[in-house]
K.L.:
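The following block contains the structure, expressed as C-alpha cells.
Below, read A as the first sequence line, B as the second, and so on, with proteins coming before strands; counting in each chain starts at 1. Please read all numbers here as calculations on a predicted model, not as lab measurements.
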Amino acid sequence: MPDKKVRVRFAPSPTGGLHLGGVRTVLFNYLFAKKHHGDFVLRIEDTDQNRYVEGAEQYIMDCLKWCGLFPDESPEAGGPYAPYRQSERKSIYREYAEKLVRQGHAYYAFDTPEELEQNRREIPNFQYGLAYRDGLRNSLSLTQHEVDELLDRHTPHVIRIKMPADERVSFDDVIRGHVSFETNQVDDKVLLKADGMPTYHLAVVVDDYLMKISHAFRGEEWLPSAPVHLLLWEYLGWKADMPQWAHLPLILKPDGHGKLSKRDGARLGFPVYAMSWFDAKTGELTPGFRELGFLPEAFLNLLATLGWNDGTDQELFTLDELIEKFSIDRVSKAGAKFDFEKAKWFNAEWIKKSEAGTLKSEVRKVLEDKGVVVTDENYLNQVIDLVKDRCVLLTDFYQQSAYFFEQPKEYDVNSVKPKWTDAKAEFFNAFIGTINSTKVFEPAALETDFKALAEEKGIKAGELMLPFRIMLVGAKFGPHVFDIATLLGKEETVKRIEKALVAFNN
RNA sequence: GGCCCGUUCGUCUAGGGGUUAGGACGUUAGAUUUUCAUUCUAGAAACAGGGGUUCGAUUCCCCUACGGGCUACCA
C-alpha cells in the first residue's frame, strides 16, 4: 500500500467560543501532521446559516495564533484546495447528492419539519429510516410522476441517504480498535438541506476526499454517525481514499457528569474557552485561558496530557517535544474529567521554567492593565526573576510585583502595631543612616548590617524583619526582604522606610 | 427507550497473566524559608461486581452494574 502524504484538518463551526476540547482536537491534528511532515488544514464548516456567528471565524484563527498552531492551509492562508469555507463550496455538494440519488443510495424527501416533529412526538422511537420511510413523503414512497411534479413546483425538499437493510458497517478506529454498526439501526440522515447547503455528513466526506485528507481525528460524539460517513465513502466510489479515523475521548465536567460546557466554567470558576469570547447577542463575555493568565505553552501542555502520555513519567513537554513524541494510538479511550487544579500546576511550572525575557511582554501587559507604569526593561526582568516562582497565573504578577513599581498604598499595620515600640522606630531611623553610608548595596551585606545594628540596639533581628518587609511591600509576602530592598535601590528603600515610619508611629 | 463507546487512587494516568500495582495534581504530616510562595522528605489513597479460561487473573472472554455519547433540514 503506497504511503499517502499525511494531511489532517481541523473543521470547526464558527458558532462561538473555542472550547478546550476543540483546542485539544486541533493540537492532536497538528502534532500528528508535524510529526509526519504532513499538512494541517483549517476548514470552516459554516453550513448552518442559523447558527453562524459573525466574528467567530476570525476568533478561531486568533486562538490558533495564540497557541502557535498555524495551519498550512486555511481561509486566511489559502492553499491548493481552496476555498476552505464550506459556504463558499456550496455548489460542489449538490452534484454528489444527486449522484447518490441516481445510484439509488439516496432519495428526495418532501416531509415538512412540522410533519417530522409530529411523528417524533407521536411514534415512540421514531426515526426516518427502514421502518418508516415507506409511509413518509419521499421519492421511495411516491410515484415517479408525483416526485417530478413536486420537483417541478420547487417543493422544498431534502436529500437523505438510504441506509441499506441488514448490513453491518465496521471499521478500525486508530484509538478504539474495531467498531461496528447495524445499518438497520441507523437512520436516513439528511445529506442536503432544503436551502441547498450540505449537512455535516455530506460535506465532511466530500471535502475530506477533495482535500485529500489522510487521517480524520474528531471528538467521540461523532462515532454514532461514522457508519453514514463510511457508506458515503463507499457509495461515492472513494473507499480506497478514505482517511483513517480516530475518535478522541471527550473532556468531561470535573464534578457531576457529562461533557464539559461553557456553563460549567461559569459555575465552577474556571475558563472553558481558549480566549475570551464576547457574545454580541447576549452581551455576555465568557473568559478564556489567555485572559486568565495562562501561557499558551502551558495550555497546550495540559491539553496534550489530558488523554495522552508518552509512556514515561514525563509531564512537562514543549511543543517540539510533543511533535517528536506524539503518537495517536497512545491516546486513551476513556473520557477525562477536567481538573483545573492540575491545569494551574502546569501553568505555574511553565512560568517557573520560562526566562524573564520571554515572560516580559505578558507581565508588562498585566501590570499596565492595572495602571502600573513600567519604564525600565532591565528592572522588569529582575523583578520577574525574583517573583516568578510564586506566580501560578500571569495575572499573579500584579499582586506579586506591583510594589516594585509603586510605594505601598496601605500597610498591614495589624501585623506591626501591636508589637511596635519606640526602640524599633529608633532602630529604623538609625538603619536609614546605615543605608545612606553604605557603599555596597547588596543583599548579603545589607543583611549583615541590619543584624549588627539590631544587636547593637538590643533588639532581636527577627522582630524587625517583618516590620521592614511591611515597610517595603505593605504586606506579608514576597521574596527575601534584602533582595527586595536591593532591587528597589538605596534611595527608594530609604523613602519607604521614612514613609512607613510615619504610619507606624501614628 | 434504542444504538454505540467506555470503566486502575478524589482527579489525570502508567502497567499488564505471577509487580511491595508506578508517577503526577490535590490532600495530610514534617523539614527549609525570621513573611508568603518555592523546594525537600514522608504518609493516606485505586484495579466496579459476578462468572468463566488458567497452576495463577487487575491484565484475556462473557454477563451485570455504572458512566458517557448519539438518537435535528446543529456541528
K.L.:
Using atom P of each nucleotide, how far apart are G10(B) and U27(B) to the nearest Å?
P.N.:
16 Å
K.L.:
For C74(B) and G69(B), measure between their C1' atoms and round to the nearest Å.
P.N.:
15 Å
K.L.:
Among residues 41-50 of chain A, which residues get a heavy atom nearer than 4.0 Å to RNA chain B?
P.N.:
Glu45(A), Thr47(A), Asp48(A)
K.L.:
Residues two or more places apart in sequence or in another chain: which of them pass ring pair (Phe, Tyr, Trp, His ring centres under 6.0 Å) with Phe326(A)?
P.N.:
Phe28(A), Trp308(A)
K.L.:
Does anything in residues 460-470 of chain A form a salt bridge (charged side-chain N to carboxylate O under 4.0 Å, His left out)? List the pairs, not counting sequence neighbours.
P.N.:
Lys424(A)-Glu463(A)
K.L.:
Which nucleotide in the set C73(B), C5(B), G15(B) lies at the smallest distance from any side-chain heavy atom of Leu223(A)?
P.N.:
C5(B)
K.L.:
Quick one: look up who A42(B) pairs with, Watson-Crick or G-U, both distances under 3.5 Å, and put none if it's unpaired.
P.N.:
U28(B)
K.L.:
Across the strands shown, which category fits Ser415(A) at heavy-atom distances under 4.0 angstrom: base, sugar-phosphate, nothing?
P.N.:
nothing
K.L.:
Counting side-chain heavy atoms from C-beta on, which of C73(B), G6(B), G69(B) comes nearest to Arg176(A)?
P.N.:
G6(B)
K.L.:
Give none if G67(B) has no partner; otherwise give the nucleotide forming a Watson-Crick or G-U wobble pair with it, both distances under 3.5 Å.
P.N.:
C5(B)
K.L.:
Under 3.5 Å, which N/O atoms of the protein pair with N/O atoms of nucleotides 9-12 of chain B?
P.N.:
residue : atom : partner   : partner atom : Å
C12(B)  : OP1  : Lys337(A) : N            : 2.9
C12(B)  : O2'  : Thr305(A) : O            : 3.3

K.L.:
Run the ring pair (Phe, Tyr, Trp, His ring centres under 6.0 Å) test against Tyr107(A) and tell me which residues pass, sequence neighbours left out.
P.N.:
none
K.L.:
Using the ring pair (Phe, Tyr, Trp, His ring centres under 6.0 Å) criterion, which residues pair with Tyr52(A)? Sequence neighbours excluded.
P.N.:
none
K.L.:
Output all residues satisfying side-chain contact (heavy atoms from CB on, under 4.5 Å) with Ser91(A), sequence neighbours left out; order by chain, then residue number.
P.N.:
none
K.L.:
Can you see if the side chain of Asn125(A) gets near the phosphate of G1(B) - specifically, an N or O under 4.0 Å from OP1 or OP2?
P.N.:
no
K.L.:
What distance, rounded to whole Å, do you find between the two P atoms, one in G15(B) and one in A57(B)?
P.N.:
23 Å
K.L.:
Taking the P atom in each of U58(B) and C9(B), what is the distance between them to the nearest angstrom?
P.N.:
15 Å
K.L.:
Does Lys353(A) put a side-chain nitrogen or oxygen below 4.0 Å from OP1 or OP2 of U38(B)?
P.N.:
no
K.L.:
Kindly write out the residues that satisfy ring pair (Phe, Tyr, Trp, His ring centres under 6.0 Å) with Phe217(A), not counting sequence neighbours, or none if the list is empty.
P.N.:
Phe32(A)
K.L.:
Work out how far the C1' atom of U41(B) is from that of U32(B), and round it to whole angstrom.
P.N.:
11 Å
K.L.:
In Watson-Crick or G-U wobble terms, both distances under 3.5 Å, what is the partner of A14(B)?
P.N.:
none
K.L.:
Would you mind pulling out the nucleotide paired to A57(B), Watson-Crick or G-U wobble, both distances under 3.5 Å?
P.N.:
none
K.L.:
Within less than 4.0 Å of OP1 or OP2 of C74(B), is there a side-chain N or O belonging to Lys193(A)?
P.N.:
yes
K.L.:
Can you pull out every side chain to side chain donor-acceptor pair (under 3.5 Å) where at least one residue sits in residues 156-172 of chain A? Sequence neighbours excluded, please.
P.N.:
Asp166(A)-Asn184(A), Arg168(A)-Ser180(A), Arg168(A)-Glu182(A), Asp172(A)-His178(A)
K.L.:
Decide whether a cation-pi geometry holds between Lys342(A) and Trp345(A); the criteria are a distance under 6.0 Å from NZ or CZ to the six-membered ring centre and an angle within 45° of the ring axis.
P.N.:
yes
K.L.:
Under a 3.5 Å cut-off for both distances, is U34(B) Watson-Crick or wobble paired, and to whom?
P.N.:
none
K.L.:
Expressed as a whole number of Å, how far does the P atom of A24(B) sit from that of U38(B)?
P.N.:
16 Å
K.L.:
Is the shortest heavy-atom distance from the side chain of Leu192(A) to the side chain of Thr199(A) under 4.5 Å?
P.N.:
no
